[in-house]
Amino acid sequence: MSRIAVVTGGTRGIGAAIATALKDAGYKVIASYAGNDEAATNFKAQTGIEVMKWDVGDFGACETALKKIENDFGPVDILINNAGITRDAMFHKMTPENWNAVINTNLNSLFNMTRPVWEGMRERGFGRVVCISSINGQKGQMGQANYSAAKAGDIGFVKALAQEGAKKGITVNAVCPGYIGTEMVRAIPQDVLDKAILPHIPVGRLGEPEEIAKCVLFLVGDDAGFITGSTISANGGQYML
Ligand code: CAA
């Protein structure tokens with residue numbers, strides 16, 4: 001039986017590419033989404049991938065959804081914590097709502113989603129958790145104190161949990177995309193993108209969502225058990241650690 005993978009924020013952008021790559025590789029995939037029903041319906045029609053709507057910032061909603069997935073399809077062996085939002089603003093203009101929304105969706109979601117599947121992974125002696133962080137969690141980004149804090153937190157979460165999962169056959173890794181050609185990046189003002197971002201990407205272009213999906217596919221494989229607690233940077237050379 002194929003392993004079951006849940007991809008949060010899996011109907012658009014990087015998440016959609018990950019969900020599709022996992023399905024093409026033979027996994028049973030469930031893609032979550034938070035609000036855009038039309039995009040989710042189209043995604044399901046195009047790919048045949050199951051879609052389910054819930055808020056990854058709400059622990060109870062995550063528990064309920066994951067229970068339903070386990071009842072309907074079986075145990076979740078692979079979790080891709082991908083869902084994320086931006087509320088960019090210079091810090092002197094940032095509101096508590098901007099701060100809390102991003103911390104809740106981009107960081108608290110990792111607890112909300114991983115905690116309900118963790119005990120089952122421990123019992124079965126197998127699990128793959130991949131968290132999609134960001135170059136901006138590694139280097140910090142002006143206009144993104146909230147997002148950079150959350151994405152740096154994602155990396156800390158991965159490093160701690162990787163140590164807990166190691167003896168139970170569970171790997172926990174982070175992928176840090178750079179600027180990828182998705183709606184999120186297209187929302188950046190064009191002059192900022194042209195003047196302040198693109199000139200700093202040595203490969204000279206935005207990344208493709210499929211390039212991130214390939215990193216994830218590698219990490220979730222049954223034969224990737226020695227790779228845990230790692231951070232894969234996929235950013236066109238924009239930031240090197
Ligand atoms: N890198 C470097 N400089 C930047 C920058 C960036 N990413 N964003 C803004 N700046 C610079 C601007 O060029 C501008 O410089 P000048 O005064 O010399 O022209 C200065 O900062 C102020 O910017 P704005 O005039 O745009 O100020 P604002 O208050 O109108 O808007 C902002 C501020 C909302 C932060 C807006 O600039 C913006 O959206 N910037 C993009 C921030 C960004 O990089 N977000 C990443 C989104 S994609 C993502 O998050 C995915 C991922 O993981 C990589």
Side-chain angles (χ1 to χ4, degrees), residues 7-19 21 33-36 39 56-57 80-110 113 130-159 173-216 219 230-241:
V7 182
T8 67
T11 63
R12 292 191 293 147
I14 291 173
I18 295 170
Y33 72 102
N36 191 330
V56 295
I80 315 300
N81 287 314
N82 164 77
I85 59 169
T86 52
R87 295 286 182 274
D88 292 358
M90 300 304 260
F91 194 63
H92 59 279
K93 298 182 193 165
M94 191 173 281
T95 64
E97 289 75 23
N98 295 154
W99 176 267
N100 289 327
V102 168
I103 297 295
N104 200 39
T105 301
N106 297 12
L107 178 59
N108 292 341
S109 61
L110 270 55
M113 285 299 299
V130 180
C131 300
I132 306 302
S133 175
S134 165
I135 185 176
N136 292 343
Q138 296 172 298
K139 72 172 185 60
Q141 173 57 53
M142 62 189 298
Q144 288 198 306
N146 50 2
Y147 188 88
S148 299
K151 293 295 186 178
D154 294 349
I155 297 171
F157 173 87
V158 159
K159 289 181 176 176
N173 290 288
V175 176
C176 288
Y179 285 73
I180 309 299
T182 62
E183 281 172 54
M184 188 182 270
V185 166
R186 280 187 229 110
I188 298 173
Q190 193 60 43
D191 63 320
V192 172
L193 198 58
D194 289 342
K195 281 196 247 155
I197 295 172
L198 280 170
H200 298 288
I201 305 177
V203 302
R205 63 171 174 85
L206 297 176
E208 300 290 338
E210 291 72 21
E211 292 176 300
I212 304 305
K214 287 203 177 93
C215 300
V216 173
L219 289 170
S230 74
T231 302
I232 297 186
S233 299
N235 61 35
Q238 188 183 353
Y239 188 68
M240 301 179 192
L241 289 168

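This structure is a prediction, so every number in the text was calculated from the model and none was measured. Each residue takes its place number in the sequence, starting with 1. Counting starts at 1 for both ligands and their atoms, following the listed order.
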field: Pairing residues for Asp194 by the side chain to side chain contact (heavy atoms under 4.5 Å, CB included) criterion, not counting sequence neighbours
entry: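 So Asp194 forms a side chain to side chain contact (heavy atoms under 4.5 Å, CB included) with Gln190, Leu198.
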Are side-chain heavy atoms of [X] and [Y] found at a separation under 4.5 Å?
{"X": "Val175", "Y": "Ile14", "answer": "no"}
{"X": "Tyr179", "Y": "Asn136", "answer": "yes"}
{"X": "Val158", "Y": "Thr231", "answer": "no"}

- request: Mind jotting down which residue pairs meet the side-chain hydrogen bond (donor to acceptor under 3.5 Å, both in side chains) criterion with at least one end in residues 146-158? Sequence neighbours excluded, please.
  value: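 Listed by first then second residue: nothing to list.
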- prompt: Listed by chain and number, what are the side chain to side chain donor-acceptor pair (under 3.5 Å) partners of Asn81, not counting sequence neighbours?
  reply: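 Counting only residues at least two positions away or on another chain, Asn81 forms a side chain to side chain donor-acceptor pair (under 3.5 Å) with Thr114.
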Polar pairs, ligand 1 vs protein, N/O only, below 3.5 Å.
from: ligand 1; atom 1: 1 (N); to: Gln141; atom 2: NE2; distance (Å): 3.2
from: ligand 1; atom 1: 7 (N); to: Gln141; atom 2: NE2; distance (Å): 2.7
from: ligand 1; atom 1: 29 (O); to: Lys93; atom 2: NZ; distance (Å): 2.9
from: ligand 1; atom 1: 44 (O); to: Tyr179; atom 2: OH; distance (Å): 2.9
from: ligand 1; atom 1: 45 (N); to: Asp88; atom 2: OD2; distance (Å): 2.7
from: ligand 1; atom 1: 50 (O); to: Gln144; atom 2: NE2; distance (Å): 2.9
from: ligand 1; atom 1: 53 (O); to: Ser134; atom 2: OG; distance (Å): 2.6
from: ligand 1; atom 1: 53 (O); to: Tyr147; atom 2: OH; distance (Å): 2.7

